[in-house]
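Please read the structure below before turning to the comments.
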Amino acid sequence: MVFMLVKDFSPFFTFSSGQVLNFIGEFKQKPIGISFATTRGIFDVRFSEVGKHAFEIAYDYKGAYSEKEARKEVMEMLGIGSNMKEVYSRIGTDAFMKKAIKAFYGMRLTQSDPWITSVSFIISQFNNIKNIRNSVQKMMKKFGKKINDKYLFPTCEKIAKASKSDLMSCGIGYRYKYLHEFANTCLNGINLNSLYSKTYEEAKKELMQFKGIGDKVADCILLFGYGKGEAFPIDVWIKRVVERVYFHNKKKKISEIHNFASQHFGDLAGYAQQYIFQYARTYMHRN
DNA sequence: ACCCAGGCGGGCG
DNA sequence: CGCCCGCATGGG
């Protein structure tokens, strides 16, 4: 069992925000524990509140990780490597952002691995967060290796070789063809790890070659799977709010919103996006 | 019985 | 380019 103390952290906001879909267990206002499955192991994490926005984190793990790798994995998964004072001072540059930061203080950007993130966000299109999590859980149960009472996240080989009816039984619907093709290419063609060293633009271009990965899903993968902080996923909510708050409610093209995000938030655009998204979902309505 | 969900691909002008 | 349409499925 390993312990860490983390400040400016809210496990509840971090994990109820729809960045990570492969954790096990429900989140309540006072979270006590959570488990993550990767393709290599299971992490059990517990949180104890020790002060305002401060938590003691205890974790244990099983699987093919050295202690050092496990620690890095946990830090990435919880997003506890960032200096939030600095993040907030750089994205909190106007009244709206300050309000969003105050409302979700301690929400971190998390990072899972590229394969898990890609699968999750290919399923996410034209879907809702509850369904996405359900599908991910079903895939883990159906195709993941069982460790005690839990399941690993399935490897790309498992998904590539799954029968159509088995994969369809996870409730992924018409996205089956996207996921099937993606898994097969990951098995035989592209190595997802090769995108770490590419620039944001290059990596995005490559991801968007896949059917089922468009502008928004590619940005989610780059942000939540590769930690490329300048990615700014634009879904219907982000588009609406940015137009409303920053453009006097005028319609803007996706490319114009990307330009705005890049100029306004730079390499912290992804962080800004997460706060805008949560604030919009929680406190604003559709029109 | 409807309606909606962190979009995307394809077809059209 | 911009616009428009269909899309599997589960939950409210």
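In the text below, chain A, chain B and the rest are named by the order of the sequence lines, each starting its count at 1.
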- Query: Taking it one step at a time, do Glu69(A) and Arg40(A) satisfy salt bridge (Lys or Arg N to Asp or Glu O under 4.0 Å)?
  - Reply: CA-CA 11 Å; Glu69(A) 283 175 321; Arg40(A) 294 163 61 192; 3.6 Å; yes

- Task: Find the distance Ile254(A):CD1 to dC1(C):C1' and express it as a whole number of Å.
- Result: 14 Å

- Message: Pair Asp44(A), Lys62(A) - check salt bridge (Lys or Arg N to Asp or Glu O under 4.0 Å), show working.
- Response: CA-CA 9 Å; Asp44(A) 298 306; Lys62(A) 307 176 192 67; 3.4 Å; yes

- Strand partner of dC4(C), provided both Watson-Crick or wobble distances fall under 3.5 Å: dG10(B)

- Task: Would you tell me if any nitrogen or oxygen in the side chain of Lys177(A) comes within less than 4.0 Å of OP1 or OP2 on dG9(B)?
- Result: no

- Task: State whether the aromatic ring of Tyr174(A) stacks on the base of dA8(C), taking stacking to mean ring centres under 5.5 Å apart and ring planes under 30° to each other.
- Result: no

- Message: Is the ring pair His258(A)/Phe232(A) parallel, tilted or perpendicular, if the boundaries are 30 and 60 degrees?
- Response: perpendicular

- With centres under 5.5 Å and planes under 30° as the test, does Phe126(A) stack with dC7(C)? yes

- From the options dA8(C), dG9(B), dG6(B), select the nucleotide whose nearest atom is closest to the side chain of Arg175(A). dA8(C)

- Distance between the P atoms of dG6(B) and dC4(C), in whole angstroms? 23 Å

- Nearest whole angstrom, please: distance from the P of dT9(C) to the CG of Leu179(A). 14 Å

- For dG11(C) versus dC8(B), give the span between their C1' atoms, rounded off to a whole number of Å. 23 Å

- Item | Sidechain N-carboxylate O distance under 4.0 Å for Glu181(A), Lys211(A) | no

- Between P of dG6(C) and CG of Asn127(A), the distance in whole Å: 20 Å

- Message: Under the criterion of centre distance below 5.5 Å and interplanar angle below 30°, is Phe277(A) classified as stacked on the base of dG6(B)?
- Response: yes

- Query: Within 45 degrees of the axis of the six-membered ring of Tyr61(A) and under 6.0 Å from its centre: does Arg71(A) put its NZ or CZ there?
  - Reply: no

- Task: For Phe210(A) and for Ser124(A), locate the closest nucleotide of DNA chain B by heavy-atom distance; then report the residue assigned to the nucleotide nearer the 5' terminus.
- Result: Ser124(A)

- Message: How many whole angstroms separate atom CG of Leu207(A) from atom P of dG9(B)?
- Response: 12 Å

- Task: Give me the ring orientation class for Tyr88(A) and Tyr105(A): parallel if the planes are under 30° apart, tilted from 30 to 60°, perpendicular past 60°.
- Result: tilted

- Message: Has Asp166(A) got a side-chain atom pairing as donor or acceptor with Ala162(A)'s backbone, closer than 3.5 angstrom?
- Response: no

- Message: Does anything in residues 211-232 of chain A come within less than 4.0 Å of DNA chain B? Heavy atoms only, and list the residues if so.
- Response: Lys211(A), Gly212(A), Ile213(A), Gly214(A), Asp215(A), Lys216(A), Val217(A)

- Query: Which part of the nucleic acid, if any, lies within reach of Ser17(A) when heavy atoms closer than 4.0 Å are counted: base, sugar-phosphate only, or nothing?
  - Reply: base

- Task: If the plane angle is over 60° it's perpendicular, under 30° parallel, otherwise tilted; pick one for Phe104(A) and Tyr283(A).
- Result: tilted

- Message: Just to be sure I understand the geometry, which residues of residues 256-275 of chain A put a non-hydrogen atom under 4.0 Å away from DNA chain B?
- Response: Gln273(A), Gln274(A)

- Task: Describe the nucleic acid contact of Arg281(A) in one word from base, sugar-phosphate, nothing, applying a heavy-atom distance below 4.0 Å.
- Result: sugar-phosphate

- Item | Stepwise side-chain contact (heavy atoms from CB on, under 4.5 Å) check, Phe15(A) with Thr110(A) | CA-CA 9 Å; Phe15(A) 292 103; Thr110(A) 64; 4.1 Å; yes

- Item | Single hit among Lys251(A), Lys253(A), Lys252(A) for salt bridge (Lys or Arg N to Asp or Glu O under 4.0 Å) with Glu243(A) | Lys251(A)

- Query: Considering only the P atoms, how many Å lie between dC3(B) and dC5(C), rounded to the nearest integer?
  - Reply: 16 Å

- Mind calculating the distance between CG (Asp235(A)) and C1' (dC4(B)) to the nearest angstrom? 14 Å

- Map Lys253(A) and Tyr178(A) onto DNA chain C by nearest heavy atom, then report which one ends up closer to the 5' terminus. Lys253(A)

